[in-house]
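Beneath this line is the structure, given in structure tokens, with notes to follow.
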Protein chains: 2
Amino acid sequence: MSSDQTSQTKPYHHGDLRRTLIETALATLREQQGWQFTLREIARRAQVSHSAPYRHFPDKAALLYELALLGFERLGEAMRASLRPAMSAPERLQAMAYAYLAFGEENPDLYRLMFSTQAGDPAQIHVDPRAQAPFYQVIEVLERGQAEGTIRARSALGQATASWAHLHGLTMLSIDSRLVPAKVGDHAIEDALTTLLDGLVRDPVARSPGA
Amino acid sequence: MSSDQTSQTKPYHHGDLRRTLIETALATLREQQGWQFTLREIARRAQVSHSAPYRHFPDKAALLYELALLGFERLGEAMRASLRPAMSAPERLQAMAYAYLAFGEENPDLYRLMFSTQAGDPAQIHVDPRAQAPFYQVIEVLERGQAEGTIRARSALGQATASWAHLHGLTMLSIDSRLVPAKVGDHAIEDALTTLLDGLVRDPVARSPGA
DNA sequence: ACCTGAACACCGTTCAAGT
DNA sequence: ACCTGAACACCGTTCAAGT
């Protein structure tokens with residue numbers, strides 16, 4: 001499981017602790033329930049004293065900030081990876097939407113952390129280009145779609161904001177199990193995405209008439 | 001400021017502590033920055049020992065749960081109060097959307113608390129009718145609109161889910177100042193709501209052509 | 001330069017007492 | 001029946017020492 005660079009037997013006195021802490025935190029996020037892990041716990045799992053992390057991060061929020069940034073990077077990658085060259089703008093939007101949702105459902109605690117106010121100033125993190133990438137990918141697709149005539153002629157910034165808000169809300173409500181009765185077999189999420197596309201696409205076709 | 005029922009001079013040994021704690025917490029939520037107040041702080045402000053609250057709530061989460069429920073009730077009231085009898089379904093949806101957003105912006109910390117996983121099991125709170133009201137109000141309007149022909153014929157549950165996700169995302173991103181550059185004079189929020197209505201309304205008119 | 005261990009000022013929660 | 005105060009097992013953070 002843990003085969004680091006030059007670890008010979010077991011104890012090491014100084015290695016690449018900063019990276020180790022981040023990876024330990026990500027692993028904790030992946031396994032555990034809730035993103036509210038304790039800094040001391042991360043230090044414990046990384047086999048260092050509870051004060052060692054302070055040599056690499058000014059405080060706990062700084063570590064969370066780093067994790068959040070990493071999350072946004074990965075989200076952007078997942079969205080990019082969902083695209084195929086032949087796709088039309090609406091198809092691209094749908095693919096990115098599903099990729100976004102899937103990312104949240106596969107990494108619920110990391111996703112919550114990304115949008116937690118504990119991870120530093122929220123207004124600041126979105127100034128970092130690493131966190132902005134997903135948003136600008138959407139704008140780009142929308143603008144191309146408007147040029148092609150497949151996307152409704154509206155403010156692309158507004159449409160991108162709408163898309164992001166919609167996806168963020170849907171993802172958050174979904175991973176928190178807040179979406180109504182959640183009856184087996186109901187398609188609330190798919191239907192919600194249909195309504196999002198209805199708002200973006202020009203002359204939407206009747207896809208799923210619904211109840 | 002604090003004129004309770006039968007408080008004569010200052011010290012009281014046992015009154016309606018449960019209600020006092022809730023009101024103190026709400027006041028703290030209103031003033032302070034962040035909803036992560038401490039149970040001990042609430043007790044301090046309520047002039048009781050730090051263990052007194054445990055006579056009225058099994059733990060801190062139970063108090064947060066109560067506050068969250070109260071928040072959903074107020075949100076529902078605000079949405080209901082925004083309606084006028086003469087409104088069409090699309091007008092109702094728009095009015096409720098603005099009421100929702102306004103509620104979040106006026107009570108940012110309460111709103112965050114309502115959607116925090118710390119306030120008990122999220123899946124459980126939405127079983128309470130008090131928390132469901134806002135959602136069903138939207139469904140009702142959507143169904144009436146579909147009958148009138150002003151709302152697109154799609155699954156009303158899906159449309160309601162889409163509306164809620166959209167509004168929740170927009171509200172959260174807005175109060176956390178996560179909405180892009182946020183240049184003065186840009187209308188990202190209004191434009192985002194336009195896109196939401198584009199998805200719900202049948203044959204949407206060109207309202208704000210945008211950039 | 002990096003890490004440890006004791007220490008400080010807090011928490012949430014429990015429980016034997018008090019009134 | 002309700003409230004207090006000491007106590008427990010934790011935190012995040014700091015800092016004088018160690019290597």
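These numbers were taken from a predicted model, which means no experiment stands behind them. Every chain is numbered from 1 and lettered A, B, ... according to where its sequence line falls, protein lines coming before strand lines.
- Atom CZ in A:R130 sits 9.0 Å away from atom CD1 in A:I125 (nearest 0.5 Å).
- Put simply, CZ on A:R18 is 17 Å from C1' on C:dC3, counting in whole angstrom units.
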Show the distances under 3.5 angstrom between N or O atoms of the protein and N or O atoms of nucleotides 11-14 of chain D.
{"unit_1": "D:dC11", "atom_1": "OP1", "unit_2": "A:R44", "atom_2": "NH2", "d": "3.1"}
{"unit_1": "D:dC11", "atom_1": "OP2", "unit_2": "A:R44", "atom_2": "NH2", "d": "3.0"}
{"unit_1": "D:dC11", "atom_1": "O5'", "unit_2": "A:T38", "atom_2": "OG1", "d": "3.3"}
{"unit_1": "D:dC11", "atom_1": "O3'", "unit_2": "A:T38", "atom_2": "OG1", "d": "2.8"}
{"unit_1": "D:dG12", "atom_1": "OP1", "unit_2": "A:T38", "atom_2": "OG1", "d": "3.0"}
{"unit_1": "D:dG12", "atom_1": "OP1", "unit_2": "A:L39", "atom_2": "N", "d": "3.0"}
{"unit_1": "D:dG12", "atom_1": "OP1", "unit_2": "A:K60", "atom_2": "NZ", "d": "3.3"}
{"unit_1": "D:dG12", "atom_1": "OP2", "unit_2": "A:T38", "atom_2": "OG1", "d": "3.0"}
{"unit_1": "D:dG12", "atom_1": "OP2", "unit_2": "A:L39", "atom_2": "N", "d": "3.3"}
{"unit_1": "D:dG12", "atom_1": "OP2", "unit_2": "A:R40", "atom_2": "N", "d": "3.2"}
{"unit_1": "D:dG12", "atom_1": "N7", "unit_2": "A:R40", "atom_2": "NH1", "d": "2.3"}
{"unit_1": "D:dG12", "atom_1": "O6", "unit_2": "A:R40", "atom_2": "NH1", "d": "3.0"}
{"unit_1": "D:dT13", "atom_1": "OP2", "unit_2": "A:Y54", "atom_2": "OH", "d": "2.7"}
{"unit_1": "D:dT13", "atom_1": "OP2", "unit_2": "A:K60", "atom_2": "N", "d": "3.0"}
{"unit_1": "D:dT13", "atom_1": "O5'", "unit_2": "A:Y54", "atom_2": "OH", "d": "3.2"}
{"unit_1": "D:dT13", "atom_1": "O4", "unit_2": "A:R40", "atom_2": "NH1", "d": "3.3"}
{"unit_1": "D:dT13", "atom_1": "O4", "unit_2": "A:H50", "atom_2": "NE2", "d": "3.4"}

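- Rounding to the nearest 0.5 Å gives a distance of 5.5 Å between CG of B:L170 and CG of B:L193.
- Distance CD1 (A:I42) to P (C:dC3): 16 Å, rounded to an integer number of Å.
- No more than 12 heavy atoms of other residues, nucleotides or ligands sit less than 6.0 Å from atom CZ of A:R144.
- From A:T117, atom OG1 reaches atom CZ of A:F115 across 12.5 Å, with rounding to the nearest 0.5 Å.
- Put simply, CG on B:L173 and NE2 on A:H126 are 7.0 Å apart, with the number rounded to the nearest 0.5 Å.
- Taking atom CD of B:Q47 as the reference point, atom C1' of D:dT4 lies 15 Å away to the nearest angstrom.
- Within the model, atoms CD of A:Q159 and CZ of A:R154 stand 8.0 Å from one another, a figure rounded to the nearest 0.5 Å.
- One distance of note links CG of B:L26 with CZ of B:R74; it measures 5.0 Å at 0.5 Å rounding.
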Watson-Crick or G-U pairs under 3.5 Å in DNA chain D, rendered as dot-bracket with [ ] for crossing pairs and | for another strand: ||.|||||...|||||.||

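- If you take CG of A:L17 and P of C:dC2, they are 10 Å apart, rounded to a whole angstrom.
- Between A:R55 atom CZ and C:dT4 atom C1' there is a gap of 10 Å when expressed in whole angstrom units.
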May I have the list of side-chain donor-acceptor pairs in residues 95-108 of chain A shorter than 3.5 Å, sequence neighbours left out?
{"unit_1": "A:Y100", "atom_1": "OH", "unit_2": "A:Y111", "atom_2": "OH", "d": "2.6"}
{"unit_1": "A:Y100", "atom_1": "OH", "unit_2": "A:W164", "atom_2": "NE1", "d": "3.2"}
{"unit_1": "A:E105", "atom_1": "OE2", "unit_2": "A:S174", "atom_2": "OG", "d": "2.8"}
{"unit_1": "A:N107", "atom_1": "ND2", "unit_2": "A:F103", "atom_2": "O", "d": "2.9"}

